[in-house]
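Take a look at the structure set out below.
A quick note: this is a predicted structure, and the numbers were derived from the prediction, not measured. Heads up: numbering here begins at 1 and tracks the sequence.
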Amino acid sequence: MFHLSSSTLRSSAHRARRQPLAAVGLFLLALFVVCGLAAPLLTSYNPASIDLLHRLEGPSLTHWAGTDELGRDTLARLLYGARLSLAISVSVVSISLGLGLAIGGLCRLPGRMD
């Protein structure tokens with residue numbers, strides 16, 4: 001089980017104070033992941049549903065980020081797009097990790113690769 005000690009938290013806070021841009025980047029990455037995973041909870045609109053009566057509307061109380069040329073909710077499209085981007089990035093990193101481990105393991109065998 002993972003346990004956070006007070007020294008670990010102090011060390012992390014110290015690093016964040018020394019490198020504030022890294023802390024901002026980590027916060028934005030966490031926000032991207034949370035918004036992508038919570039997309040169905042954050043919007044009630046289907047990102048693919050077309051509503052030609054409400055096309056090219058600006059931001060309003062019903063559509064916080066407005067609508068596109070087909071009347072689709074822009075915020076819903078951004079949030080669900082984040083989900084797709086997360087899925088693709090996790091799969092690419094997993095495949096790269098697997099290939100790198102396999103090739104690296106083969107390179108350690110004597111006489112296999114130079």
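Under the 3.5 Å distance criterion, the side-chain polar atoms of T67 are matched with a main-chain donor or acceptor of L56. Looking at R55, its side chain never comes within 3.5 Å of a backbone N or O of L70 through a donor-acceptor pair. Looking only at distances, no side-chain donor or acceptor of S11 sits under 3.5 Å from a matching main-chain atom of S7. In this structure, the side chain of R72 does not engage the main chain of A48 through any donor-acceptor pair within 3.5 Å.
Between W64 and T43 there is no side-chain heavy-atom pair separated by less than 4.5 Å. Contact check for T74 versus Y45: no side-chain heavy atoms found under the 4.5 Å cut-off. When side chains are defined from C-beta on, F32 counts as touching L86, because their heavy atoms get closer than 4.5 Å. Looking at heavy atoms from C-beta onward, S60 lies in side-chain contact with H63 at the 4.5 angstrom threshold.
The minimum heavy-atom distance linking R77 with P47 is given by the pair NH1-O, 2.9 Å. In terms of heavy-atom proximity, A65 sits nearest to L75 at CB-N, 3.8 Å. For G36 against A82, the heavy-atom pair with the smallest separation is CA-CB, 4.0 Å.
Residue D73 holds its CG atom at 8.0 Å from OG of S44, rounded to the nearest 0.5 Å. One distance of note links OG of S94 with CG of L99; it measures 11.0 Å at 0.5 Å rounding.
A single hydrophobic cluster is seen to contain both V24 and F27, as judged by linkage of ILVMFWY side chains at heavy-atom distances under 4.5 Å, directly or through other members.
Taking a 6.0 Å sphere around CZ of R18, one finds it holds more than 12 heavy atoms contributed by other residues, nucleotides or ligands.
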